[in-house]
Amino acid sequence: MTERMTTTEIFDGIRFPGFMHTSESLRAACSLQFQDTDILLVTFPKSGTTWMQQILSLIFCEGDLWPIHHLPNWARVPWIEHVSFSSFLSNLNASWPRLFTSHINARGLAPALMKSKARVVYMARNPKDVLVSYYHFHRIAGFLPNPGSFEEFVDEFLEGTGFFGSWFDHVKGWLGLQKDLNLIFITYEELKQEPRPTIQKLSEFLGRTLGPKEVDTILEHCSFSFMSESNMVNYSLLGKEIMDQSQSKFLRKGVVGSWKEHFTPELDKRFNAVYQSEMGDSGLCLPWHMD
Ligand code: A3P
């Protein structure tokens, strides 16, 4: 697929990297037959997808850490829209529920999801931190264009014309379906600030009761330090042409609020104005401090 490294796939008006997406793979994801026991993690990129993939694997491995040490995240909790999905689907751990990931928006996936009782874990993060993380990711990912200046990148993010579409539409679309789907909303910030109760709340939603020792094991193996060193989740298995981590690491900072080092007061004002007009009357209760 490296010949598609610079190809852009446009699906439902949204740009996807052609490296791992084709129109067929995206269409197949939107018509996937979900089973009632399936668990789908949905995120806008850079919201903590890999972190949650690790947590979901840990919740279901019941103390058997072999998959954590030997299988990459994309094989344990594969993206349903990737061209590689069918090869991972046939090799999923049969004693776990099927764990899937997606970045597709609600409009694309809801019709298929509504035909089942599959559980959805929607994870979101303060968009200013998402934007900064995404900017650095564009610098290292061979399948995404060079981001240009930070100011240009902010404009594209606010217009919603970047890869994977608009953050605002993604969050509003998925959270707008809370009553229609079996969905739990988890934020990067709560996981960071209160990891133990957040993991307990999540596992209860997923139908697993965890003892305190099991939670200890999960906390250890989903920590930023453990994951930074683990080849199974730090993307070091990928060639330099796909991800060049000599400039910036995939697990870059792993903190809340690093946007403050990047935003000028003028950019911040521009961002807040768009945030307010997009989210202000959405009726959603979002936990972020925008200042
Ligand atoms: P930063 O670039 O701000 O460090 P995704 O997996 O959706 O692409 O998100 C990547 C972001 O999640 C990166 O953010 C990465 O460092 C952060 N992340 C991954 N694992 C983490 C962990 N265990 N704790 C905190 N942040 C984590």
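In listed order, ligands and their atoms are each counted from 1. None of these values were measured; they are calculated from a predicted model.
- In R252, the parts holding a heavy atom less than 4.0 Å from any atom of ligand 1 are both the side chain and the backbone.
- Side-chain atoms of F185 and L175, non-hydrogen and from C-beta on, do get closer than 4.5 Å to each other.
- Close approach of ligand 1 to M227 is summarised as follows: ligand atoms under 4.0 Å from at least one heavy atom of the residue are 20 (N), 23 (N).
- Side-chain contact annotation: K172 with N105, donor-acceptor N/O pair under 3.5 Å absent.
- For R125, the heavy-atom gap to ligand 1 drops under 4.0 angstrom.
- By the rule that hydrophobic residues join a cluster once side-chain heavy atoms approach within less than 4.5 Å of another member, I10 and F16 end up as members of separate clusters.
- For ligand 1, the atoms sitting less than 4.0 Å from at least one non-hydrogen atom of L251 are 16 (O), 19 (C), 20 (N), 21 (C), numbered in the order shown with element in parentheses.
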Start with the C-alpha distance between E261 and K253, add both sets of side-chain angles, then the distance that settles salt bridge (charged side-chain N to carboxylate O under 4.0 Å, His left out), and finish with yes or no.
CA-CA 12 Å; E261 294 154 27; K253 286 210 159 177; 2.7 Å; yes
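- Under a 4.0 Å criterion applied to the non-hydrogen atoms of K46, ligand 1 contributes the atoms 5 (P), 7 (O), 8 (O), 9 (O), 10 (C).
- You'll find the ring centres of H103 and H21 outside the 6.0 Å limit.
- Note on ligand 1: T43 sits outside its first shell, no heavy atom being nearer than 4.0 Å.
- Only the backbone of S47 comes within 4.0 Å of ligand 1, judged by heavy-atom distances.
- For M123, no heavy-atom contact with ligand 1 is shorter than 4.0 Å.
- With respect to atom 27 (C) of ligand 1, the closest heavy atom belonging to the protein is Y188 OH, 3.7 Å.
- Using a 4.5 Å cut-off between side-chain heavy atoms of Ile, Leu, Val, Met, Phe, Trp and Tyr, W66 falls into a hydrophobic cluster with L71.
- Taking any N or O of K192, backbone or side chain, none lies under 3.5 Å from an N or O belonging to ligand 1.
- The residue F137 has no part lying near ligand 1, judged by heavy-atom distances below 4.0 Å.
- Listed by first then second residue, pairs satisfying salt bridge (Lys or Arg N to Asp or Glu O under 4.0 Å) with a partner in residues 93-110 read D12-R107, D38-R98, not counting sequence neighbours.
- If you check the side chains of S57 and R76, you find a donor sitting under 3.5 Å from an acceptor.
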